[in-house]
2 protein chains.
Amino acid sequence: MSQSHTRVAEALRDEACPVTEVLDHVAGKWSIGILIAAAHGPVRFTELERAIKGISRRMLTLNLRRLERDGLLIRTVHPTVPPKVEYSLTPMARELHACLTGLVGWAESHRPAIARARAAYDATART
Amino acid sequence: MSQSHTRVAEALRDEACPVTEVLDHVAGKWSIGILIAAAHGPVRFTELERAIKGISRRMLTLNLRRLERDGLLIRTVHPTVPPKVEYSLTPMARELHACLTGLVGWAESHRPAIARARAAYDATART
DNA sequence: CAGCATCCGGCTCGATACTG
DNA sequence: CAGTATCGAGCCGGATGCTG
């Protein structure tokens, strides 16, 4: 294991920007939620808007555009009346989705522990 | 596969806040880098500062504090002159580190594809 | 329905200077 | 060495109102 994370660390050190740049998708407050919500299959704009709850139209649009631009989302416009737009993951994004799922799983299982650590820290640091 | 991501999606929909809250560690621009850099074993403040390159003293300190507070980092102060402080991952953070490694791996392998998608998008959208 | 434009407040972050 | 303090710019993100 020491081998692999050394490689990763070197990638970060040598050229922090490129990797960070790509990882910024995940860094976005909403990106993970959008990607996971869109993984269900073709999802419409409004569905996403309600699925994520808390996101504004503006932020949703912005993130959608960025994810589409970077080849993570496919945007399909159905020229009907009323308009209908569907978003789905590209194969590349599906791989990312797998990682994301792991991340969310971690978050869920450790949430209590984190809350405890936080409380303990606040109690101690309050000298 | 459809089962697992449905569960995750429900977790996001039902209580987007808690999960997002935890995931915000990863969301931070620097968190991933810090966690990966600290995974080497005990790392000193200055080592981190140079390893991450681009981060300011302030941001490093802030992130370090937050990660420590949430039980992801252990901060060990050696009462020597000059002072010496070492950071290392908690077991909980080690698990997270595994996910992060996957993420970075994904980012590295798809960087070219993302760059291409971006270029293509910019070319097309420029009507 | 699925956006885009505009305004604007807040908080993040970087730069700089100082300390135990 | 390992931080803390302060200040100010900038971007993020919410609210609102308008279109095809």
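Just so it is clear: chains get the letters A, B, ... in the order the sequence lines come, proteins before strands, and each one is counted from 1.
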Send over the distance from [X] [atom1] to [N] [atom2], rounded to a whole Å.
| X | N | atom1 | atom2 | answer |
| --- | --- | --- | --- | --- |
| B/R65 | C/dC13 | CZ | C1' | 18 Å |
| A/M59 | C/dG3 | CE | C1' | 14 Å |
| B/R50 | D/dG3 | CZ | C1' | 16 Å |
| B/L48 | D/dA2 | CG | P | 9 Å |
| B/E49 | D/dC1 | CD | P | 9 Å |
| B/L60 | D/dG3 | CG | P | 8 Å |
| A/I55 | C/dG3 | CD1 | P | 12 Å |
| B/N63 | D/dG3 | CG | C1' | 15 Å |

Straight-line distance of [X] [atom1] to [Y] [atom2], nearest 0.5 Å:
| X | Y | atom1 | atom2 | answer |
| --- | --- | --- | --- | --- |
| B/L73 | B/M92 | CG | CE | 10.0 Å |
| B/R44 | B/R50 | CZ | CZ | 9.5 Å |
| B/L60 | B/E49 | CG | CD | 6.5 Å |

**Q.** Residue met sooner reading DNA chain C from 5', once A/P82 and A/T61 are mapped to nucleotides
**A.** A/P82

Shortest side-chain distance from [X], nucleotide among [options]:
| X | options | result |
| --- | --- | --- |
| B/F45 | D/dG14, C/dC1, D/dG3 | D/dG3 |
| A/V85 | C/dG14, D/dC1, C/dA2 | C/dA2 |
| A/Y87 | D/dG3, C/dG3, D/dG14 | C/dG3 |

Q.
I'd like to know if the side chain of A/E108 reaches the main chain of A/G105, judged simply by a donor and an acceptor atom lying under 3.5 Å from each other, with no hydrogens or angles considered.
A. no

Q: Report yes or no: does A/S88 contribute a side-chain atom to a donor-acceptor pair with the main-chain N or O of A/G41 at less than 3.5 Å?
A: no

Q. Contact class for A/R57 (heavy atom, under 4.0 Å): base, sugar-phosphate, or nothing?
A. base

(Q) It should be established whether B/R58 places a side-chain nitrogen or oxygen under 4.0 Å from OP1 or OP2 of nucleotide D/dT6. (A) no

Q) Which residue lies toward the 5' end of DNA chain D, A/W30 or A/P83, if each is placed at its nearest nucleotide? A) A/W30

